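All values below come from the heavy atoms of this structure, side chains included, with hydrogens, waters and symmetry mates left out. For clarity, every value in this text was computed on a predicted model and none was experimentally measured.
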Amino acid sequence: LGKGMGDLTERLKEGRPVIAGVAETGTAEAARHAMVVERLETVNGTAGVVYWDPRGTYRWQPTATFEKFFNAAGGVFVWPL
């Protein structure tokens, strides 16, 4: 179990995808679900994460945007052994 964006980023730098909880609207009261965060990737000079949401979304998102949704859900993640 990991906690916080710094810890999540370190796991991704090691090449270890993680399963992270997110809040759908970036607020603590929002519905929550989990997604697979695959890797870090910089696009046009902006740092971001590539993730797969089991509801059918595979995309890149700026790290700052992802962090809002991640922190609203408690900032907790796990990684496969």
For Pro54 and Trp52, the nearest pair of non-hydrogen atoms, with its separation, is CA-CH2, 3.3 Å
Check: Lys68 side chain, Thr63 main-chain N or O, donor-acceptor pair, under 3.5 Å: no
Extract all donor-acceptor atom pairs below 3.5 Å that involve side chains of residues 38-46 and protein atoms in other chains or at least two apart in sequence.
residue, atom, partner, partner atom, Å
Glu38, OE1, Tyr58, OH, 2.8
Arg39, NE, Glu41, OE1, 3.2
Arg39, NH1, Tyr58, OH, 3.3
Arg39, NH2, Glu41, OE1, 3.0

Does Phe69 form a side chain to side chain contact (heavy atoms under 4.5 Å, CB included) with Glu24? I'd like the steps, not just the answer. CA-CA 7 Å; Phe69 294 92; Glu24 289 184 6; 6.0 Å; no
For the pair Glu10 and Arg16, find out whether any cationic side-chain nitrogen is under 4.0 Å from an anionic carboxylate oxygen. no
Would you name the heavy atoms of Ala73 and Ala23 that are closest together and state the gap between them? CB-N, 3.5 Å
Knowing that exactly one of Val18, Thr65, Val37 qualifies, which makes a side-chain contact (heavy atoms from CB on, under 4.5 Å) with Val49? Val37
Mind checking ring pair (Phe, Tyr, Trp, His ring centres under 6.0 Å) for Phe66 and listing every partner two or more places apart, or none if nothing turns up? Phe70
For Met35 and Val22, what are the C-alpha separation, side-chain angles and deciding distance, and is it a side chain to side chain contact (heavy atoms under 4.5 Å, CB included)? CA-CA 7 Å; Met35 62 175 53; Val22 294; 3.8 Å; yes
Looking at every non-hydrogen atom in both residues, tell me the closest pair between Pro17 and Leu12 and how far apart they are. CA-CD2, 4.2 Å
I would like to know whether Arg55 and His33 meet side chain to side chain contact (heavy atoms under 4.5 Å, CB included); could you show each step before the answer? CA-CA 10 Å; Arg55 295 181 297 179; His33 69 282; 2.8 Å; yes
Are the side chains of Phe77 and Lys3 in touch, meaning some heavy atoms are under 4.5 Å apart? no
Donor-acceptor pair, side chain of Thr9 and main chain of Met5, under 3.5 angstrom: yes
